[in-house]
Amino acid sequence: MCGIVGYIGKQKASPILLEGLKRLEYRGYDSAGLTVHQNARLETVKKTGRVDHLVRAVDGQSLSGRLGISHTRWATHGSVTDANAHPHLSSDGRISIVHNGVIENHRNIKRFLVAQGYSFCSETDSEVLANLISYHYEKETARDQTRFVESVRKALKHIEGTFGIAVLCAECPDQLLGARRGSPLIVGIGDGEYLLASDVAAVISRTQNVVYLKDNEIVALCPDNFSISTINLEDVDPIVSRIDWSIDEVELGAHPHFMEKEIFEQPTALENSMRGRFAADGSTANFGGLNLSPQEWRQVDRLLFCACGTAWHACLVAEYLIERYARIPVEVEYASEFRYRNAPLEKNTLVFVISQSGETIDTLAALREAQRKGFRTLAITNVVGSTIAREADGGIYQHVGPEIGVASTKAFTSQILLSAMVALYLGRLRDMSYTDGVGLAEALKGVPALVDRILRENGHIQEIARRYSGYEDMLFLGRQSMFPIALEGALKLKEISYIHAEGYPAAEMKHGPIALISDRCPSVFLAPQTETFHKVLANIQEIKARNGKVIAVASESAPFPEGLADDRIVLPDAHEALHPILATIPVQLLSYYIAVERGLDVDKPRNLAKSVTVE
Ligand code: F6R
């Protein structure tokens, strides 16, 4: 949430900042702004709305400085106005700051600063930090290069809450400072230049070498060098990592939206998630980073999965797959609930978290809470070097490339696939036979081709979407592992089409939701061929008897009665472990095409932002 880009180097800063902001816009799009250091002044331009508004506002201004900071905002404190947009200047005009996070004690600090003569022109918590840094700068006795960094350090010591910041000082033409606690920040090491950014998408066009800052670290960037220390004054040896994402992966190419691009990338993404992860004998999966021996796995009696949003739906699928194929009990918790619930966990429980970004604050807090209680933790994440990836005791990278669309798509199917591979691995450590292992492994290897087939044969889904785009309510229903996919279908539709939708286990419908059924509330049934298929057909009949329209997603050769559903989407016949992935593709396409039909901004749905780094 919120994107930060900073630049120091030989080039004009503003075009580089604007390009970086465009690439980070999925992190927030309420307003955008930048400050450029030039002629001993901090020139600031900020505007509500998208980065394009800022580009127009900057156009025609002579911003030639080679040092600058910028921000794209997802509003937390203060409404969406030009005044609340970042950067924020201290009232003496000396300090400019961009901030991602929440300063919890901002009211007390503000009261103190007002008494010291500082004034405020926004409702944000971030402006408080700009003035607090200025206050410490004024009081700092050091008069050399350390003065600025010391004033930032002292200010941050008083902050309760989370921050990723980039800071400029009018009197320091050669210094760009950054710091983080709880909100991500990376340093990009370019050719004669440095960048600061919330994530790698902003720097990838200029460098692939990055340093991931850790909590409570401060980085001081000068034109020719940089140094990192902690808020407590310890020096830090930077570890430079190489980003393996390419520039093409963060660009739209021929697609109108990132969501469409990412839906259609799924065959390749799933292939990449599996690559090199099957054992030579073909009967099990192999994971390099779990950091647990088979003997240690045998001691695990229970798994707890925690995540948020779509990743939480992936956890629910993991529960079905692991309980079924590995016969290990699994519980699933919302990370935001687990962190405060103080749930009693059994001794031999292992805690798994799933997070595409690896930065979701509640998931990170759940991980830390589990570790604090002494539980071993593993993570499935997509972003290499993310905080969750670094802090978990072990984990699995998804390798699906950057996910830019705010609505998660390819990350979700990859999380399911990896959960199925974990189920295979754990099953083979327990009671799954060699033959069953080979059967499941072979089925999983075939998933990219089946997904590709659904995508190639999707033309009629677009047509179905057109006919259903006018409804304002919809139900998604499915049994067993189709229940989480029903939840996911409803979430996708809600978040990008703004259509009220709910997901239910199909049998639960009769316990309440059936009251919603009328010709104004269609239902999407996820009904692949399983042992409950005929029960689902009965549920469809119950809806039809009440004038509800039905879209059925069903297996190719399932005996689906002609004319029972109003519309039918066909899934290829497949091993049951693959049903959750296969059934996801039509619901993704349905919500995507409905949103397009309604003329909505699919990649930037209202009120949302990718990677929720505030509570
Ligand atoms: C919905 C969506 C969100 C995320 C959730 C967790 O389409 O994208 O619900 O799944 O915010 O994000 P990560 O996986 O980054 O922890």
Side-chain angles (χ1 to χ4, degrees), residues 1-3 26-28 74 182-184 198-201 257-260 262-263 266 269 273 305-318 332-339 352-368 379-389 391-392 395-398 400-416 418-419 476 484-485 487-499 501 503 584 587-592 595 600-615:
M1 257 163 186
C2 298
Y26 61 92
R27 299 183 65 93
W74 186 85
S183 300
S198 305
D199 72 50
V200 296
H257 300 105
F258 279 105
M259 184 173 177
E260 191 204 63
E262 289 158 8
I263 289 174
Q266 286 176 110
S273 289
F305 275 78
C306 287
C308 302
T310 286
W312 183 77
H313 298 156
C315 293
L316 293 178
V317 180
V332 179
E333 284 252 19
Y334 280 115
S336 54
E337 291 297 310
F338 174 76
R339 63 181 291 194
F352 243 109
V353 298
I354 300 187
S355 173
Q356 185 284 129
S357 62
E359 300 292 350
T360 299
I361 194 87
D362 284 323
T363 311
L364 176 60
L367 174 92
R368 287 176 176 165
I380 296 178
T381 45
N382 188 36
V383 179
V384 175
S386 58
T387 311
I388 289 175
E391 293 195 11
I396 305 171
Y397 278 124
Q398 298 186 232
V400 298
E403 191 178 67
I404 310 277
V406 165
S408 185
T409 53
K410 62 178 178 175
F412 177 63
T413 46
S414 148
Q415 288 159 358
I416 298 177
L418 291 169
S419 304
F476 285 74
I485 308 307
L487 291 174
E488 175 63 5
L491 176 64
K492 287 286 94 94
L493 193 68
K494 273 186 276 217
E495 67 180 331
I496 60 166
S497 307
Y498 317 147
I499 294 174
T584 297
V587 297
Q588 290 174 344
L589 289 168
L590 203 56
S591 44
Y592 171 73
L600 298 169
D601 191 345
V602 177
D603 284 337
K604 298 187 188 69
R606 72 181 174 212
N607 304 336
L608 286 169
K610 197 137 183 102
S611 186
V612 180
T613 54
V614 294
E615 257 196 276

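Every number for a ligand or one of its atoms is a count from 1 in the order of the listing.
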Verify the distance criterion only: is there a donor paired with an acceptor across the side chains of T413 and Q266 at less than 3.5 Å?
yes

Which label fits W312 and Y334: parallel for a plane angle under 30°, tilted from 30 to 60°, or perpendicular past 60°?
parallel

Indicate whether any N or O donor in one side chain lies under 3.5 Å from an N or O acceptor in the other, for Q398 and S273.
no

Does a salt bridge link E391 with R368, judged by any charged N lying under 4.0 Å from a carboxylate O?
yes

Does the plane of the ring in F352 sit parallel, tilted or perpendicular to the ring in F305? Use 30° and 60° as the thresholds.
parallel

Can you list the residues that meet the ring-ring contact (aromatic ring centres under 6.0 Å, His included) rule with Y26, with sequence neighbours excluded?
none

Taking a 3.5 Å cut-off between nitrogen or oxygen atoms, can you list every pair linking ligand 1 to the protein, with distances?
{"from": "ligand 1", "atom 1": "7 (O)", "to": "T310", "atom 2": "OG1", "distance (Å)": "3.3"}
{"from": "ligand 1", "atom 1": "7 (O)", "to": "S408", "atom 2": "N", "distance (Å)": "2.9"}
{"from": "ligand 1", "atom 1": "7 (O)", "to": "K492", "atom 2": "NZ", "distance (Å)": "2.9"}
{"from": "ligand 1", "atom 1": "7 (O)", "to": "E495", "atom 2": "OE1", "distance (Å)": "3.3"}
{"from": "ligand 1", "atom 1": "7 (O)", "to": "E495", "atom 2": "OE2", "distance (Å)": "2.5"}
{"from": "ligand 1", "atom 1": "8 (O)", "to": "V406", "atom 2": "O", "distance (Å)": "3.3"}
{"from": "ligand 1", "atom 1": "8 (O)", "to": "S408", "atom 2": "N", "distance (Å)": "3.3"}
{"from": "ligand 1", "atom 1": "9 (O)", "to": "T310", "atom 2": "N", "distance (Å)": "3.1"}
{"from": "ligand 1", "atom 1": "10 (O)", "to": "T310", "atom 2": "N", "distance (Å)": "3.1"}
{"from": "ligand 1", "atom 1": "12 (O)", "to": "T360", "atom 2": "OG1", "distance (Å)": "3.4"}
{"from": "ligand 1", "atom 1": "14 (O)", "to": "Q356", "atom 2": "N", "distance (Å)": "2.7"}
{"from": "ligand 1", "atom 1": "15 (O)", "to": "S357", "atom 2": "N", "distance (Å)": "2.8"}
{"from": "ligand 1", "atom 1": "15 (O)", "to": "S357", "atom 2": "OG", "distance (Å)": "2.7"}
{"from": "ligand 1", "atom 1": "15 (O)", "to": "T360", "atom 2": "OG1", "distance (Å)": "3.4"}
{"from": "ligand 1", "atom 1": "16 (O)", "to": "S355", "atom 2": "OG", "distance (Å)": "2.6"}
{"from": "ligand 1", "atom 1": "16 (O)", "to": "T360", "atom 2": "OG1", "distance (Å)": "2.5"}

